[in-house]
Amino acid sequence: MIDLKALRDDPERYRDGARKKNSTVDIDRILMLDTERRRLLSERENARAEQRVLEKEAGPQIGKLMKELKTAPGGAKAALEAQIEELRNKPAALKETVQEYERSLQQMEPELEALLLEVPMPPDADVPVGAGSEDNVEIRTWNPPGFDASKSFEENRGFSPKTHVELIRDLGLTDFERGVKMAGARSYVLTGDGMRLHQAVLRYAFDFMVEANGFTPVSVPVVVREECMVGTGFFPTGRDQAYHIEESKRGSGHDLFLTGTGEVGLMGLHEDEILDEETLPRTYTTVSTCFRREAGAAGKDTAGLFRIHQFDKVEQVVICKADEAESREWHTRMIGFVEALLQSLELPYRLLQCCTGDLGQKNADMIDIECWMPGRGEENAKGRPTGAYAETHSASRLYDFQCRRLNLRYRGESTGGKPVVCHSLNNTVLASPRFLIPLLEIYQNEDGSVTVPAPLRGHMGGRERIG
RNA sequence: GGUGGGGUGGCGGAGCGGCUGAACGCGCCGGUCUUGAAAACCGGUAGACCCGUCAGGGUCUCGCGGGUUCGAAUCCCGCCCCCACCGCCA
């Protein structure tokens, strides 16, 4: 959520941000509602203050008169009762006024709140303006020794590569038929070495974040309340991407949702908390199963393990002080962790600066990392794919957008003891089985086997190859 | 799933119709004392929102929502959550 006060002070910044992110949210309607809301608030407060003054005056008098009434002779009772009645009426009249303002407020507030939840975080000034992913800008590429992703796989290795779909089929690493039988389209079963490799890459990435980078390992819920989805910024805009578990027995409003990323659980950890400045930054990592409905992606990437409803992901999040320089620094470092991981596995990749249209609602800035996958891209004359980069990681910088929704703050010396909304960032460490695509395709051999990358062998019982 | 007990400030814990945004204790911060520290003593210590250039003023919040009342942390109704024991169980 954006800061309503900031929007009040500089609406054009948010209008411009919404435009750049292709959002049609009505900023002027928000300003109008906000003005009206403050007017009502102020009126109600004045009436309420007056009411309280009267209460304090009349209250003790009523109490006194009530006592007198008990012992008063019959003839005096009527006069006392009339006096009490009069004292009661004054604040009672104001009560009506207060309630009227409150009803007006209750009528308009849901609309204002709903609109505020839709306002996107304005992109940073240095983010290139663009309509969608086609306008993203390549920052740099990295190639492992002895490999050049700007050339074809065949030129690099001397033979035509199989796609990952062919590799997993030929090596018996998956069983799509039975996956679909049980769970429908985009479902799969990892079998044998497929499952083992999947677990190996996850464990390798998880250990890398904990041991080499000092992140705090945690396990988090993957079934969460709606508040958690709203707080982390995935609702209401992305509601149709989440699996919805109805809890009809308990009435509406208590339904649960499957999380599409460990980010939800990691960021939800400190919802409604005020952290001590000295405990920042918080650096967390988790490995969790992620569920995505992939609504609107019908027919896209239907083959293989690229776009699926359920996968496992090692995720990293950082919660830090509200400081732009620190946010930027962490962003760079979190990307650096992934680069180090990919380099240790010797996989070619590139960094993409996402343009404004591709940032999503929450992000001020986002860098995607794409691994090179020989089995994707345009077909050559023989009808074989020529290879392409495809997204495997996404590093987001959100400033206070997410933490404001979560009501996650910190305080300390630098804030003068006052609570200030934290900044947050997140980045993929490794998502599998998608990650198996570049891994298998790059490490395949001419005889159809796949070499197990050296760093993973410890998690594969020392195996050096599959097949 | 059943039965019982609870939800008050950073924590513990009073309050059970007005004097209570909240006693008291702990913690934390500042000060006195001390060579320094501890102890002791003194003082301070919730959050949100609105108005105001500042100083300051006001409103709301004792799990959440509604009600009763001139007045609610305190009474009533609904909901949520937590704990204990029993049952079931990965």
Side-chain angles (χ1 to χ4, degrees), chain A residues 1-9 30-69 80-110 112-113 116 219 221-228 230-231 245-256 268 270-280 289 400 403-422:
Chain A
M1 186 149 57
I2 53 95
D3 183 355
L4 179 55
K5 282 180 201 155
L7 184 141
R8 234 178 254 156
D9 292 345
I30 293 175
L31 289 170
M32 200 274 273
L33 288 169
D34 174 51
T35 305
E36 177 63 5
R37 179 175 162 273
R38 280 184 294 154
R39 186 187 71 79
L40 289 167
L41 224 44
S42 155
E43 297 283 355
R44 191 207 60 184
E45 282 176 17
N46 289 340
R48 182 83 184 108
E50 203 183 326
Q51 190 192 6
R52 288 186 59 157
V53 169
L54 286 175
E55 268 166 39
K56 284 210 168 133
E57 283 174 5
Q61 291 182 50
I62 291 171
K64 213 175 103 190
L65 291 173
M66 294 285 273
K67 262 188 200 166
E68 284 177 29
L69 188 63
L80 280 171
E81 274 167 4
Q83 251 182 304
I84 290 170
E85 188 62 19
E86 203 195 323
L87 284 169
R88 278 184 175 162
N89 284 341
K90 276 195 202 164
L94 274 169
K95 190 182 170 185
E96 276 301 306
T97 314
V98 171
Q99 281 179 338
E100 222 164 275
Y101 285 126
E102 260 161 19
R103 274 191 292 273
S104 303
L105 281 165
Q106 276 171 9
Q107 257 175 10
M108 58 139 8
E109 275 174 344
L112 179 59
E113 275 160 31
L116 272 176
S219 89
V222 296
V223 183
V224 302
R225 295 196 179 128
E226 182 151 12
E227 290 88 327
C228 202
V230 174
I245 300 168
E246 286 190 18
E247 290 281 273
S248 52
K249 265 191 190 168
R250 304 165 66 204
S252 64
H254 303 292
D255 288 356
L256 297 168
H270 296 298
E271 180 164 13
D272 287 322
E273 290 185 30
I274 301 175
L275 302 174
D276 192 328
E277 178 179 84
E278 285 171 15
T279 68
L280 297 180
T289 304
D400 59 359
C403 292
R404 175 166 283 106
R405 282 175 172 246
L406 285 166
N407 192 26
L408 167 48
R409 296 167 294 170
Y410 72 100
R411 70 174 141 207
E413 244 171 80
S414 76
T415 72
K418 289 286 157 206
V420 171
V421 179
C422 297

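What you see is a predicted model, and the numbers here were worked out from it, not measured in a lab. Labels below follow one simple rule: chain letters A, B, ... track the order of the sequence lines, proteins then strands, and each chain is numbered from 1.
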Separation between the [atom1] atoms of [N] and [M], rounded to whole Å:
{"N": "B/rC62", "M": "B/rG44", "atom1": "P", "value": "25 Å"}
{"N": "B/rC70", "M": "B/rA22", "atom1": "C1'", "value": "22 Å"}
{"N": "B/rG78", "M": "B/rG2", "atom1": "C1'", "value": "22 Å"}
{"N": "B/rG25", "M": "B/rC75", "atom1": "C1'", "value": "30 Å"}
{"N": "B/rG10", "M": "B/rU69", "atom1": "C1'", "value": "35 Å"}
{"N": "B/rG58", "M": "B/rG5", "atom1": "C1'", "value": "40 Å"}
{"N": "B/rG12", "M": "B/rC83", "atom1": "P", "value": "14 Å"}
{"N": "B/rA39", "M": "B/rG87", "atom1": "P", "value": "49 Å"}

Would you mind telling me which of A/Arg103, A/Gln51, A/Glu43 makes a side-chain contact (heavy atoms from CB on, under 4.5 Å) with A/Val98?
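Among A/Arg103, A/Gln51, A/Glu43, the one meeting side-chain contact (heavy atoms from CB on, under 4.5 Å) with A/Val98 is A/Gln51.
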Side chain of [X] only, heavy atoms from C-beta on: which candidate in [options] is closest?
{"X": "A/Lys418", "options": "B/rG47, B/rU59, B/rG66", "value": "B/rG47"}
{"X": "A/Arg411", "options": "B/rA46, B/rA48, B/rC49", "value": "B/rA46"}
{"X": "A/Pro419", "options": "B/rU59, B/rG47, B/rC81", "value": "B/rG47"}

[X] has an atom [atom1]; how far is it from atom [atom2] of [N], in whole Å?
{"X": "A/Leu105", "N": "B/rU59", "atom1": "CG", "atom2": "C1'", "answer": "12 Å"}
{"X": "A/Asn407", "N": "B/rC49", "atom1": "CG", "atom2": "P", "answer": "9 Å"}
{"X": "A/Asp34", "N": "B/rC50", "atom1": "CG", "atom2": "P", "answer": "8 Å"}
{"X": "A/Arg39", "N": "B/rC51", "atom1": "CZ", "atom2": "P", "answer": "13 Å"}
{"X": "A/Leu40", "N": "B/rG58", "atom1": "CG", "atom2": "P", "answer": "22 Å"}
{"X": "A/Asp276", "N": "B/rC11", "atom1": "CG", "atom2": "C1'", "answer": "15 Å"}
{"X": "A/Glu45", "N": "B/rA48", "atom1": "CD", "atom2": "P", "answer": "16 Å"}
{"X": "A/Leu275", "N": "B/rA46", "atom1": "CG", "atom2": "P", "answer": "19 Å"}

When rounded to the nearest 0.5 Å, the distance separating CG of A/Leu406 from CG of A/Asp400 is 11.5 Å
Any-strand Watson-Crick or G-U partner of [N], both distances under 3.5 Å:
{"N": "B/rC62", "answer": "none"}
{"N": "B/rA84", "answer": "B/rU3"}
{"N": "B/rU35", "answer": "none"}
{"N": "B/rA72", "answer": "none"}
{"N": "B/rG9", "answer": "none"}
{"N": "B/rC16", "answer": "none"}
{"N": "B/rG56", "answer": "B/rC51"}

Sidechain N-carboxylate O distance under 4.0 Å for [X], [Y]:
{"X": "A/Arg38", "Y": "A/Asp34", "result": "yes"}
{"X": "A/Glu102", "Y": "A/Arg44", "result": "yes"}
{"X": "A/Glu45", "Y": "A/Arg48", "result": "no"}

Under 4.0 Å: is that the gap between some side-chain N or O of [X] and OP1 or OP2 of [N]?
{"X": "A/Arg48", "N": "B/rC60", "answer": "yes"}
{"X": "A/Arg44", "N": "B/rG58", "answer": "no"}
{"X": "A/Arg8", "N": "B/rC50", "answer": "yes"}

Of A/Gln99 and A/Arg409, the one whose nearest nucleotide on RNA chain B sits closer to the 5' end is A/Arg409
RNA chain B nearest-nucleotide lookup for A/Arg38 and A/Glu50: closer to the 5′ end is A/Arg38
Minimal heavy-atom distance between A/Gly268 and A/Cys228, with the atoms involved, is CA-SG, 4.2 Å
- For A/Gln106, answer base if it contacts any base atom (sugar-phosphate contacts may also be present), sugar-phosphate if it contacts only those atoms, and nothing otherwise; contact means non-hydrogen atoms under 4.0 Å. sugar-phosphate
message = Quiz question: by atom type and distance under 3.5 Å, do the side chains of A/Thr415 and A/Glu277 form a donor-acceptor pair?
response = no
